[in-house]
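Both counts, for ligands and for their atoms, begin at 1 and track the order of listing.
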Amino acid sequence: MLKWLAGIAGTIVLLALIGGWWLFVGFSQAPKAAPGVVDIDAWRAMVREAGGVRPVEIRVLEVGSDAAPMLAARAGAFGDRWLTSYNSVQIVFPESTLVIGGAVDRLTSEGMLQSQGVWRFDDAAYGALTGAMLEASQVLITHEHLDHVMAVARHPDPASLAPHLYLNAPQIAALPQFALGTLDPVLAGLTPRLDGSVQLVAPGVVIVPMPGHTPGSQLVFITLENGQEYLMVGDIVWSMTSIEQLTMRPVFTQFIVFDPNEDRDAIRTQIRALHDLMQAEPGLVVFPSHDRVWLDELAAKNLITWGFAD
Ligand SMILES: [Zn+2]
Ligand SMILES: [Zn+2]
């Protein structure tokens with residue numbers, strides 16, 4: 001009888017271990033190779049052939065920050081902490097600007113709170129963002145998630161914003177779910193200006209569709225006038241340690257955060273491609289949306305500047 005009970009207990013423990021491994025550790029590793037996912041030579045050729053006056057700096061406006069267990073961002077990262085930034089990026093040209101990212105508004109940010117005492121939201125920064133969007137020649141987003149679209153879907157002056165928006169079809173299709181009430185008709189009736197191909201949208205700025213995290217996810221490849229290159233990767237990873245360690249978000253995060261689910265196979269492959277690209281191109285500055293530590297390092301090296309230009 002005792003032996004029988006011990007057998008059942010052992011089986012339960014074993015199943016729990018397997019389940020825990022599956023939820024928090026397994027099926028999150030990048031494959032050995034990812035040929036053809038990124039083609040930086042093609043992007044560079046587009047930049048070169050288009051010519052024009054390229055941007056002079058990259059600025060990042062943080063509207064909020066928080067902290068969460070790194071385990072949410074990288075499978076197997078037990079015990080580490082993930083310092084989270086919610087922000088929007090301004091690409092500054094000598095005579096104009098381009099804004100990427102609609103960030104998150106206060107209401108949404110409060111709903112996403114993870115760490116009381118660390119969480120903060122900057123109303124003045126959010127106001128600066130909605131204003132800067134109207135000053136920008138173009139406004140784009142990396143992808144159609146709630147923490148990247150609110151200053152678009154909930155902009156105080158959608159009629160003035162609409163002519164500046166350069167969105168792709170999946171991004172436009174997602175907007176109604178983020179509106180307070182019904183989406184303004186001018187936003188609901190937007191026509192896609194990004195067609196799903198690799199496109200140069202301004203001198204030195206190339207949009208590279210990269211579906212996986214969402215159907216409308218895209219990279220932004222930026223070349224400054226001084227030759228410095230950047231690659232914005234949105235939410236393909238939440239922490240740069242995911243690229244360094246070739247490990248994506250755990251299956252657990254899939255269940256509690258995303259609806260609809262991400263394409264995990266696509267992301268695992270994209271992580272391998274980004275990892276190998278960084279190895280081959282050490283001068284390229286890769287940055288995701290939400291890695292506060294990494295963004296601070298870039299700011300310390302004068303590769304980005306915190307806050308938007310006036
Ligand atoms: Zn995000
Ligand atoms: Zn996202």
No-hydrogen, no-angle side-chain donor-acceptor test under 3.5 Å, Ser242 and Ser239: no
Do the rings of Trp43 and Phe221 sit parallel, tilted or perpendicular, given the 30° and 60° boundaries? tilted
Pairs under 3.5 angstrom only: tabulate donor-acceptor contacts from the side chains of residues 273-289 to other protein residues two or more places apart or in another chain.
{"unit_1": "Asp276", "atom_1": "OD1", "unit_2": "Arg272", "atom_2": "NH1", "d": "3.0"}
{"unit_1": "Glu281", "atom_1": "OE1", "unit_2": "Arg44", "atom_2": "NH2", "d": "2.8"}
{"unit_1": "Glu281", "atom_1": "OE2", "unit_2": "Arg44", "atom_2": "NH1", "d": "3.2"}

Side-chain donor/acceptor pairs under 3.5 Å, residues 169-180, sequence neighbours excluded:
{"unit_1": "Gln171", "atom_1": "OE1", "unit_2": "Asn168", "atom_2": "N", "d": "3.1"}
{"unit_1": "Gln171", "atom_1": "NE2", "unit_2": "Ile141", "atom_2": "O", "d": "3.2"}
{"unit_1": "Gln171", "atom_1": "NE2", "unit_2": "Gly216", "atom_2": "O", "d": "2.9"}
{"unit_1": "Gln177", "atom_1": "NE2", "unit_2": "Ala174", "atom_2": "O", "d": "3.4"}

Result, protein N, O or S atoms below 2.8 Å from the Zn ion (ligand 1), excl. waters, equals 4
If you look only at distance, which donor and acceptor atoms sit under 3.5 Å apart when one is on a side chain in residues 5-13 and the other is two or more places apart or in another chain?
{"unit_1": "Thr11", "atom_1": "OG1", "unit_2": "Gly7", "atom_2": "O", "d": "2.8"}

I'd like to know if the side chain of His148 reaches the main chain of Gly102, judged simply by a donor and an acceptor atom lying under 3.5 Å from each other, with no hydrogens or angles considered. no
